[in-house]
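In what follows, a single structure is set out as structure tokens and then discussed.
Below, read A as the first sequence line, B as the second, and so on, with proteins coming before strands; counting in each chain starts at 1. Hydrogens, waters and symmetry mates play no part in the numbers below; they use all other heavy atoms, side chains included.
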Amino acid sequence: MPELPEVEATRLSFAHRIAGARLLSVRMGKSLRWPLGCAAASLTGRTVLSVRRRGKYLLIDLDRGLLLLHLGMSGSLIFSQQLPEPGKHDHFEMVTTRGTLRLNDPRRFGAVVYAASEEAPIARKLLARLGMEPLSEDFSIELFHAGLKRRKAAIKQVLLAGDVVVGVGNIYASEALFLAGIRPTVSAARLSRPRVSRLHAAIRDVLARALAGGGSTLRNFSSASGEKGHFQLEAMVYAREGQPCRVCGKAIRSLRQGQRSTFYCPVCQKA
DNA sequence: AAAAGCCCCTGGATGC
DNA sequence: TGCATCCAGGGGCTTT
């Protein structure tokens, strides 16, 4: 479900409200991807300092230690002072003086992991491999090009891998490549400088627009405050196999790359 | 070092 | 209605 815009929209929707809250109780239900890594009860009494994002991870800074939270494929957060009884897919809950943060995740690919610090082994393992933040100043055409040059794999898969640039998931990878006019199967290393430049701009453009729309994507998304995405961003190619390209009219095609579906226009993305 | 596969899990849509 | 199959916006881990 969540790519960078959705994760960031989620963060923005509750970070300011939870900052300063003191933890009253923490409950970890049916196991997520990994165990919490500490006794839930031991977190009681700690204070939330801030909520940051790195890639698709949310980092909940406490006055001692931090929580790494990932929404996986089907996770969503809600932060509210009044919540109904937990449902069968509510696997993590943190009651605080400002409200309750609850993670709902039917598929349980998500995770909540405690780390004593960002330098702790578990935090390093999860965060160290992450590539550049696409919406940050650091994400330059030069560094992007340098990162792609040492990857011979298909550009779509390199984008998804997240070790060159983070946050570009399956939908936005297809969309960005369409905007840049690049065939998803071409080797990342073989992209010319001008094409890398176009892709760089396309990634920023599509992510920023989705974020501006409140994390709007094709399906339902709502932030931790219950705000729905605005759906202002319509897919050019994603999930549009057989439908006419919005630019040239040719039928959109799909293919499988690494067990994920990819969509592209055979005319607008010639190579 | 990089690439390719596998796997975790549940639910919704589709087909018979 | 029931059952089987396929697919889903992620990513860590193991094997080539």
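Listed nucleotides dG10(C), dA3(B), dG12(C) differ in distance to Arg260(A); the shortest reach to its side chain belongs to dG10(C). Of the candidate nucleotides dG11(B), dC6(B), dA2(B), dA2(B) has the atom nearest to the side chain of Arg151(A). Nearest to the side chain of Arg256(A), among dG10(C), dG5(B), dA8(C), sits dA8(C). Between dG12(C), dA8(C), dG11(B), one nucleotide has an atom nearer to the side chain of His89(A) than all others, and that is dG11(B). When distances are taken from the side chain of Ala153(A) to each of dT10(B), dG10(C), dA3(B), the shortest belongs to dA3(B).
In this structure, Asn170(A) and Lys156(A) have side chains that are in contact, with non-hydrogen atoms separated by less than 4.5 Å. With a 4.5 Å cut-off on side-chain heavy atoms, Asp163(A) and Arg151(A) count as touching. Looking at Phe144(A) and Val196(A), their side chains come closer than 4.5 Å, going by heavy atoms from C-beta outward.
Here the CG atom belonging to Leu43(A) is positioned 13.0 Å from the OG1 atom belonging to Thr96(A), to the nearest 0.5 angstrom.
Contact check, Lys56(A) against dG11(C): a side-chain N or O comes under 4.0 Å of OP1 or OP2. A close approach under 4.0 Å does not occur between any side-chain nitrogen or oxygen of Lys88(A) and OP1 or OP2 of dC9(B). Residue Lys125(A) places at least one side-chain N or O under 4.0 Å from the OP1 or OP2 atom of dC13(C). Residue Arg107(A) has no polar side-chain atom (N or O) positioned under 4.0 Å from OP1 or OP2 of dG11(B). Residue Tyr238(A) has no polar side-chain atom (N or O) positioned under 4.0 Å from OP1 or OP2 of dA8(C). Phosphate contact (OP1/OP2 of dC7(C), side-chain N/O of Ser261(A), threshold under 4.0 Å): absent.
Summarising the geometry, the separation between CG on Leu103(A) and C1' on dC9(B) is reported as 14 Å, rounded to the nearest angstrom. With rounding to whole Å, Gln257(A) atom CD is found 17 Å from dG11(C) atom P. Atom NE2 in His91(A) sits about 12 Å away from atom C1' in dG11(B), given to the nearest Å.
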Between Ser76(A) and Asn104(A), is the side chain to side chain donor-acceptor pair (under 3.5 Å) condition met? List the steps.
CA-CA 5 Å; Ser76(A) 63; Asn104(A) 181 274; 4.5 Å; no
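At a cut-off of 3.5 angstrom, counting only N and O atoms as typed in the model, there is a donor on one side and an acceptor on the other between the side-chain of Arg33(A) and the base of dG11(C). Residue-to-nucleotide contacts include no donor-acceptor pair under 3.5 Å from the side chain of Arg108(A) to the base of dC9(B).
Counting only Watson-Crick or G-U wobble pairs whose defining distances are both under 3.5 Å, the stems of 3 or more consecutive pairs in DNA chain B are B:2-8 with C:10-16, B:10-16 with C:2-8.
Gly258(A) comes within 4.0 angstrom of nothing in the nucleic acid, heavy atoms only. Contacts of Arg150(A) with the nucleic acid, taken as non-hydrogen atoms under 4.0 Å apart, involve only primed sugar atoms and P, OP1 or OP2.
Taking the six-membered ring where the residue is Trp, Tyr57(A) and His70(A) present perpendicular rings, their angle passing 60° and hence far from 30°. Using a 30° and 60° split on the angle between ring planes, Phe263(A) and Tyr238(A) fall in the perpendicular class, above 60°.
Look at Phe109(A) and the base of dC9(B); the rings do not stack under the cut-offs of 5.5 Å between centres and 30° between planes.
Within 6.0 Å of CZ in Arg52(A) there are more than 12 heavy atoms belonging to other residues, nucleotides or ligands.
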